[in-house]
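One structure is given below, encoded as structure tokens.
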Amino acid sequence: HDSVEKQLNELYRLLNQYNYEYHVLDNPSVPDAEYDRLMKELVRLEGEHPELITPDSPTQRVGGEPLSAFEKVRHETQMLSLANAFSEDDLRDFDRRIRQAIGDQFSYVCELKIDGLAVSLRYVDGLFVQGSTRGDGTVGEDITANLRTIRSIPIRLKEPFSLEVRGEAYMPKKSFLQLNKVREENGELLFANPRNAAAGSLRQLDPRIAASRNLDIFLYGMGDYGTTGVTAHSEGLDLLEKLGLKVNKERRKCESIEEVIKYINKWTDNRPNLDYEIDGIVIKVDSIDQQEQLGSTAKTPRWAIAYKFPAEEVVTK
Ligand SMILES: Cc1ccc2cc(C(N)=O)cc(O)c2n1
């Protein structure tokens with residue numbers, strides 16, 4: 001029968017596919033019991049042949065020993081932050097500045113602004129090799145071991161691309177409430193909000209803690225579109241999705257600031273129905289050429305803005 005390598009590769013392929021269907025598509029094609037059966041089979045086979053275990057094995061998601069510290073990581077491409085808009089007038093000012101600079105032949109793309117922790121994932125030939133926090137935008141902390149525990153992060157892309165991908169790691173609302181319930185029962189300090197809980201979980205030196213926190217992620221950009229031939233941000237998001245990465249589906253192209261404002265009003269009302277917290281809406285000029293024409297300041301792009309929802313009064317229990 002098949003060599004051990006062939007059996008291992010077939011198990012990798014099936015388990016990674018089922019993991020992708022469950023955690024990225026939210027649409028599993030097999031029951032959990034089948035996934036667990038295959039995982040047990042893989043653990044048994046790897047136990048008999050430990051020398052054949054490779055980094056992209058599904059059993060390698062939860063790392064070994066806790067780290068003693070986080071290494072520093074220099075991002076290949078600076079991670080930009082976003083200027084804020086707090087009102088319709090701010091949005092119209094933003095729109096006017098764009099039109100003054102490049103005329104009115106352009107489109108926007110809007111995304112839900114996930115309230116989590118900005119991270120960067122580096123893939124080399126399709127393999128996830130390093131993950132880091134944003135830090136100051138140029139240098140962050142290496143949290144690869146913790147990010148590997150996020151099941152919706154593929155260990156290997158569907159195409160052997162080498163690229164830096166940016167996203168927001170977050171803790172779903174239900175997981176946050178459950179975590180604080182357990183902490184309260186244990187007399188521990190509660191997390192103030194899902195964002196702090198996600199950040200606190202990813203800053204643990206022991207990856208088993210991050211693995212227990214049911215973290216998730218939405219990817220929203222690349223370090224350098226140039227290497228992919230993508231000409232618009234909306235295309236870039238579609239490409240990330242095609243590569244097997246989790247991209248928020250509520251994104252929407254808007255042909256005018258009026259459409260942007262309608263989208264914002266829709267999500268201002270619909271926000272409580274989301275499984276995760278958002279703190280605003282990100283609005284970007286879609287064309288990469290036009291983004292380059294508009295350029296960036298030291299920290300923020302001129303072609304993007306974050307509309308921030310009014311801070312809701314914190315309902316302390
Ligand atoms: C350039 C940039 C910076 C921060 C961002 C943050 C988010 C977010 N928190 O969802 C989405 C984006 O498209 C972003 N884009």
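Counting convention: from 1, in listed order, for ligands and their atoms alike. Keep in mind it's a predicted model, so treat the numbers as computed, not measured. The chain is numbered in sequence order, starting from 1.
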Does a donor on one side chain and an acceptor on the other come within less than 3.5 Å for Gln7 and His49? no
Angle between ring planes, Phe218 versus Tyr276, binned at 30° and 60°: parallel, tilted or perpendicular? perpendicular
Would you say the side-chain atoms of Asp95 and Tyr108 include a donor-acceptor pair closer than 3.5 Å? yes
With Asp93, which residues qualify under side chain to side chain contact (heavy atoms under 4.5 Å, CB included), at least two apart? Arg96, Arg97
Expected rows: ligand 1 N/O, protein N/O, dist below 3.5 Å:
unit_1	atom_1	unit_2	atom_2	d
ligand 1	9 (N)	Ile114	O	3.1
ligand 1	9 (N)	Glu168	OE1	3.3
ligand 1	10 (O)	Ile114	N	3.0
ligand 1	13 (O)	Glu111	OE1	3.1
ligand 1	13 (O)	Glu111	OE2	3.2
ligand 1	13 (O)	Lys284	NZ	2.8
ligand 1	15 (N)	Lys284	NZ	3.0

Presence of salt bridge, Arg37 and Glu34, under 4.0 angstrom: yes
Under 3.5 Å: donor-acceptor pair, side chain of Ser175, backbone of Met171: no
